[in-house]
Amino acid sequence: MADLSSRNPDWWRQAVVYQVYPRSFADADGDGLGDLRGVTRRLNHLAALGVDALWLSPFYPSELADGGYDVADPRDVDPRLGTLDDFDAMVAEAHRLGLKVIVDIVPNHTSHQHRWFQEALRAAPGSPARDRYVFRPGRGEHGELPPTDWQSVFGGSAWRRVPDGQWYLHLFAPEQPDLNWGNEEVRADFRTTLRFWSDRGVDGFRIDVAHGLAKDLTEPLRDIGDLGATGEEALERVPPGSHPYWDRDEVHEIYRDWRKIFDSYTPPRTAVAEAWVPGARRALYARPDELDQAFNFEYLQAGWDAEELRGVIAGSLATARAAGASATWVLSNHDVVRHASRLLLPPGTDDNAWLLSGGRAPALDEAAGLRRARAATLLMLALPGSSYVYQGEELGLPEVADLPTEVLQDPIWEQTGHVRKGRDGCRVPIPWTTTGPSYGFGARGAWLPQPPSFASYAVEAQAGTEGSTLELYRTALRLRRKLLDGEELTWSDDTPAGVLRFSRSEGWSCVANLSARAVPLPSGDVLLSSAPLTDGQLPPDTTVWLA
Ligand code: NOJ
């Protein structure tokens, strides 16, 4: 059995981490927006689920130009979400229940409301206040053109002009100006932030846009040409480390510096990088003297296809092993279509076009999506390494694809001129009860409308109900904790087409049928199955754990 206790400095290696998107989790004060006291009240749900840690998406003061990833003060709590005392109470309760706490750090940019940016706006070009960000004169006769062709991830130019004529860089929304990591004050301030939360007892950090901090700001700034809209997808097309702002080699110096802070605590604080970079480069972020892990987005992006998944799993394990890290697995988070819907979309479907159609082209069979999601989850939870579970997936929630455009909050919708619908469909507040306003999320409504179908997914409807998705997760996590030992996996090659089979420790194996027809169930005692089994067969879209 793996030691996941706080005595073990490596507790994170095979942990299951539950992502809480605080504004959509539980609303204690009834203002329609989830809050920290809501999280504290519902921590027993996480303990009963059997996860090892929770990761909180940003809860800092923010005008919500990007769902909280526009941080006005990284060392405080948004008053709508609570206070620092509420935060301390939440950490204390989590620890009492044996749950670790990971917070999200956003070092690539601040909110434009951050006092530094406000100061920069008031200061003159070339001043120290402007040097904390990336301000440049424009091109063209009167400086009327942006300094480079760099594009915002959310659409349009990554530069915005200020009244005195200079431009500032924002790789995300204009309300999220990029920091200049060449500036020592910026570096020092983040060290303070890491210590601030570590001193308050947090066990680790999720590093937002970890691959974006270092930029090539040597003059003249370089255009990227037609490498791709955001540049991230262009990384495969440029020599490693040579893109002007993604995944530059110098970024690692920052994490080596942070490692000293992490290691000054007992147990050492852990960290996971959000880095949208190809596998081999991803491993660099998870070297022992940097962050511990990096999210594995290749796994998330793989289709429901046995061969493809086997390749991605084997590659991810090899990459992590070579770096001395453990692999990570994610199926859903607050940025992507929930996997109960996504895995059923035909290969090659454009997720955005599907969202724009209100989830009607193609229309999905919700029950079939749930069946596949449950199979995918049991497969994920059998893999060596740690799994990141997104709030609501333990209930089998589908994407809310038909949100009317008037309610959308994601800046992507406006910034792309209504071309991309954005990520609100996976951020709809989750249902706790089968009735009542906002299905137990809060005493009144919810900041995004919940569909009536949410009633049947509520925790209340599923807790204690045999065969429910919630009970499947609970059982899987309880068994996993008992069964875990090493980090090795052995594939069986004599499987029918479309079937994946591997064993973990002696006696524990996982078989997933991703094909369209039933196959004979291999011998062994069935520990858990994602769907009912009949007549010694493993039906399509079903995963079993065998002893
Ligand atoms: C990644 C976060 O997950 C996403 O929600 C956010 O919009 C960007 N980083 C910018 O902070």
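This is a predicted model, so every value here is computed, not measured. Order of appearance sets the numbers: ligands from 1, and atoms from 1 within every ligand.
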Among protein heavy atoms, which sits nearest to [atom], and what does the distance come to when rounded to 0.1 Å?
atom                   : value
atom 1 (C) of ligand 1 : D208 OD1, 2.9 Å
atom 5 (O) of ligand 1 : D335 OD1, 2.7 Å
atom 6 (C) of ligand 1 : D66 OD2, 3.3 Å

Quick one: do [X] and [Y] make a salt bridge, cutoff under 4.0 Å?
X    : Y    : value
D31  : R80  : no
R191 : D257 : yes
R259 : D289 : no

Below 4.0 angstrom from a heavy atom of [X], which ligand 1 atoms are there? Numbered from 1 as shown, please.
X    : answer
R427 : 5 (O)
R423 : 4 (C), 5 (O), 6 (C), 7 (O)
V209 : 9 (N)
H109 : 10 (C), 11 (O)

Is the centre of the [X] ring less than 6.0 Å from the centre of the [Y] ring?
X    : Y    : answer
Y245 : H243 : yes
H334 : Y69  : yes
F205 : W197 : no
W55  : Y390 : no

Legend entry - ligand 1-proximal atoms of F154, by part, heavy-atom distance under 4.0 Å: side chain

Inset, instruction - Answer with side chain, backbone, both or neither: which part of R206 has a heavy atom less than 4.0 angstrom from an atom of ligand 1? - result: side chain

